Amino acid sequence: MRYILRQREIQPDHWHYLGESHAPASALIVPGAELRREPERWWAWSGRLGASLTPIEQIEDLQPHLRRLDLVAVSFPVFGDGRGFTQLRLLRQRYAFAGELRATGAGVTPELAHLLVRCGVDAFEVARPEQGRALARACERYDVAYQPGAPAVPVRLQRFRLPA
Amino acid sequence: MYQYDELDQAFVDQRVAEFRDQTRRHLAGELSEEEFRPLRLRNGLYLQRHAPMLRIAIPYGLLSARQLRALAAITRRYDRGYGHFTTRQNLQLNWPRLAEVPDILAELAAVQMHAIQTSGNCVRNVTADHLAGIAPDEIADPRPYCEIIRQWATQHPEFTYLPRKFKIAVTGAATDRAASEVHDIGLQLRRGADGALGFTVRVGGGLGRAPVIGQVIREFLPETELLAYLEAILRIYNRHGRRDNLNKARIKVLVKSLGAARFRELVEEEWTIGRAHAAQLTTADVARVQRHFRPPPYRALAELALPPEASPRFRAWHRYNTLAHRVPGYRAVFVCLKAHGGVPGDMTAEQMEALAGLAERHSFGLIRATHTQNLLLADVPQADLPALWAALERLGLATPNIGTLTDLIACPGLDFCSLANAGTLEVARQIHERFDDFDYLYDVGEIELKMSGCMNACGHHHVGHIGILGVDKHGEEWYQITLGGSARGITALGEVIGPSVPKRAVAATLERILETYRALRDPDEPFIETVRRVGVQPFRERAYALHPAAA
Ligand code: SF4
């Protein structure tokens, strides 16, 4: 069982990763590389589709498939590798991806929570509910920010804005 | 000087609360040292040889008297009654206790200070010319831009976990005094064809292993594009910088491997597309910050000549430790932290408190930290100089050696730093002892001596006229000497003159180098000019002439 923190609520995750179970899934996350390898298959597949990204993947490669996707899972396998932050912002801002952006991996800790949210994350994948609660608390730690968030996460006070 | 608004204050307060919680969890065993490490680093806290070390940011080197008093109080209450000023306009405390660091940070926040991003793989304290706002050759004051960059970089959601540390310097004058060419990004203010302000953008400079001078990737960037362009550079770096090898992770390695032309292309393309979603800097934003850096209310004063009865020591101090000012009747005064026999850059709580009072009395209540580990009172009426001098003399802050050999820069080395190969502070003492004759110091004149205890080059030895680098040879301390480096005006990396020398021979080798200079110089030719004219070879020949023991 895996949990998801979404809009302050912790729920069981209904999405499956490819190869995770043999039961037919209605919502499946496939690796970005797999999606690029067999695009026809996945575009034609009937369920809801998500893609997972590792830090080394270039967002431009996924871009042609974004229209088909309901979810992108951006992974932070180790704490301190910040490439996922750029992937997130590009997805949310440059490519205006409107589906779920979830943060996954051992590198997702409470200290990163509000940064992730400001880069466009709206769901956190966790193994245990209490991890979700710690993340939810951490999201409340700051109510001010200097930089504009993606696309527009409200804070009480913000300094710089996006161009009009 | 910049005053926090509600956002700035709320941010530092919330950051203190966050770190207090992290520290509590660490001490309770909920966060392992490995998990806690990147968090404490982003709040300036290192674990050093003997104790934790806290690095406090002094953004672009500017301090108010109130802040300096608060720092003094902090060193008394939480440390051993002194602090250490670094070459990057920071203040380090060498003996704080981990459990008390949240309290220190809270006291800093109460005077609009912090230790945020003074360490870790993120954008560090942004540095500027210590003569900003008073330099006669200034095009525009760099400090408002430093403050803007500080704010933009503070907990940037995308760029707080970079491949490696990232240092930005801004210079506003014709002569670069901020070493901007050896920073990850160096910004030089200039006026465009239509008189509007902008920046020349350099990328990929750096010291440390494989020192390199930054390359210009944009001759002129309009002022309001500053943040969008910085985002483009950092995004290219964050995506493509190496993360597999700590020693190859700086942006200079990426610029080199792609080539400056290709790197520039990537940045320009990213900027063109990305600026629609990058933080925008409006002229109103700039004006809002600039208002905090208006010149102080100078009085109309006449230029004063030195009184004929002035003592030789006062004259020497006046000549070496004070500088011409662009406003008539004023001078800038160095507060010397290089007393012979002392630790370069160290200052006691008593000295800090007394200096805060002197700054209020004589220099509009402001103090600056310089890149040479000294402080500066920037706006002193000339009539006040004798009284100020007498007070600084009493405090041991008036050694008249600014710009000379003994105004040397040294990193903390073996005494504190866990990476060190060498006892730089002991070598500094050796040099102070050997060159304690001021007539001799004045005769050899202006020399920048910079010393680092290891390859990380915190003492910037590559850009010293004379550079000294501590190296480890089979567990013994040896010292490699370079000549001809420079970071002021012309940026150049020094050349190694030969095999390294044992610790006891450093000062004697220096003396032979200086003797060589005295023999070769043209009349009135400074040391660095002679080195540039004759090259390193004559020095190489003579430095080792009497020293066969060096291997
Ligand atoms: S140069 Fe080396 S020894 Fe000196 S402070 Fe830096 S890391 Fe430590």
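Each chain gets a letter, A, B and so on, in the order the sequences are listed, and its residues count up from 1. Owing to the predicted nature of the structure, the values given are computational and were not obtained by experimental measurement.
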Between [atom1] on residue [X] and [atom2] on residue [Y], distance to nearest 0.5 Å:
| X | Y | atom1 | atom2 | answer |
| --- | --- | --- | --- | --- |
| A/Leu157 | B/Glu6 | CG | CD | 5.0 Å |
| A/Phe85 | B/Asn238 | CZ | CG | 8.5 Å |
| A/Arg89 | B/Phe159 | CZ | CZ | 6.0 Å |
| B/Glu35 | A/Thr109 | CD | OG1 | 8.5 Å |

Quiz item: Which atoms form the tightest heavy-atom contact between A/Pro163 and B/Ala278, and what is the distance?
Solution: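 Heavy atoms only, the tightest pair is CD-O, 3.3 Å.
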
Practice problem: Over all heavy atoms of both residues, which pair between B/Gly274 and A/Arg94 is shortest? Give the atoms and the distance, please. | Solution: CA-NH2, 3.4 Å

Quiz item: Do A/Tyr142 and B/Phe11 have ring centroids that are under 6.0 Å from one another?
Solution: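 Close enough - the centres of the two rings lie under 6.0 Å apart.
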
Self-check item: Distance-only side-chain donor-acceptor flag, B/Gln151 / A/Arg159, under 3.5 Å
Solution: yes

Quiz item: If you measure only the distance, is there a donor-acceptor pair under 3.5 Å linking the side chains of A/Gln87 and B/Arg239?
Solution: no

Quiz item: Do NZ/NE/NH1/NH2 and the carboxylate oxygens of A/Arg118 and B/Glu158 come within less than 4.0 Å?
Solution: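 Answer for the salt bridge query: no.
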
Quiz item: In this structure, which one of B/Arg25, B/Arg15, B/Arg40 forms a salt bridge (Lys or Arg N to Asp or Glu O under 4.0 Å) with A/Glu111?
Solution: B/Arg25

Self-check item: Choice from B/Leu281, B/Leu227, B/Thr160 maximising heavy atom contacts with chain A below 4.5 Å
Solution: B/Leu227

Exercise. Tell me, out of B/Leu39, B/Thr282, B/Ile148, B/Asn121, who's got the most heavy-atom pairs with chain A below 4.5 Å.
Key: B/Leu39

Atom group of [X] that falls short of 4.5 Å from chain A, counting heavy atoms:
| X | answer |
| --- | --- |
| B/Glu231 | side chain |
| B/Ala279 | both |
| B/Asp21 | side chain |
| B/Arg275 | backbone |
| B/Arg288 | side chain |

Quiz item: Got A/His114 and B/Glu18 here, is their nearest side-chain heavy-atom distance under 4.5 Å?
Solution: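 A/His114 reaches B/Glu18 side chain to side chain.
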
Quiz item: If you count heavy-atom pairs under 4.5 Å between each of A/Asp143, A/Val117, A/Leu112 and chain B, which one has the most?
Solution: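 Ranked by contacts with chain B, first place is A/Asp143.
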
Quiz item: When heavy-atom pairs shorter than 4.5 Å are enumerated against chain B, which of A/Gly80, A/Cys119, A/Ala138 gives the highest number?
Solution: A/Gly80

Hey, is [atom1] on [X] packed in by over 12 heavy atoms from elsewhere, all under 6.0 Å?
| X | atom1 | value |
| --- | --- | --- |
| B/Arg37 | CZ | no |
| A/Arg156 | CZ | yes |
| B/Glu33 | CD | yes |

Chain B contact via [X] - which portion, at a heavy-atom distance below 4.5 Å:
| X | value |
| --- | --- |
| A/Ala164 | backbone |
| A/Ile56 | neither |
| A/Gln147 | side chain |
| A/Arg83 | both |

Practice problem: Report the C-alpha distance between B/Arg235 and A/Leu90 in whole Å, list the side-chain angles of each, state the deciding distance to 0.1 Å, and finish with yes or no for side chain to side chain contact (heavy atoms under 4.5 Å, CB included). | Solution: CA-CA 10 Å; B/Arg235 182 170 281 167; A/Leu90 291 178; 3.5 Å; yes

Exercise. Could you walk me through whether A/Leu115 and B/Gln155 pass the side chain to side chain contact (heavy atoms under 4.5 Å, CB included) test, one step at a time?
Key: CA-CA 8 Å; A/Leu115 301 179; B/Gln155 196 153 265; 3.6 Å; yes

Practice problem: Could you walk me through whether B/Asp285 and A/Phe160 pass the side chain to side chain contact (heavy atoms under 4.5 Å, CB included) test, one step at a time? | Solution: CA-CA 8 Å; B/Asp285 290 326; A/Phe160 301 111; 4.1 Å; yes

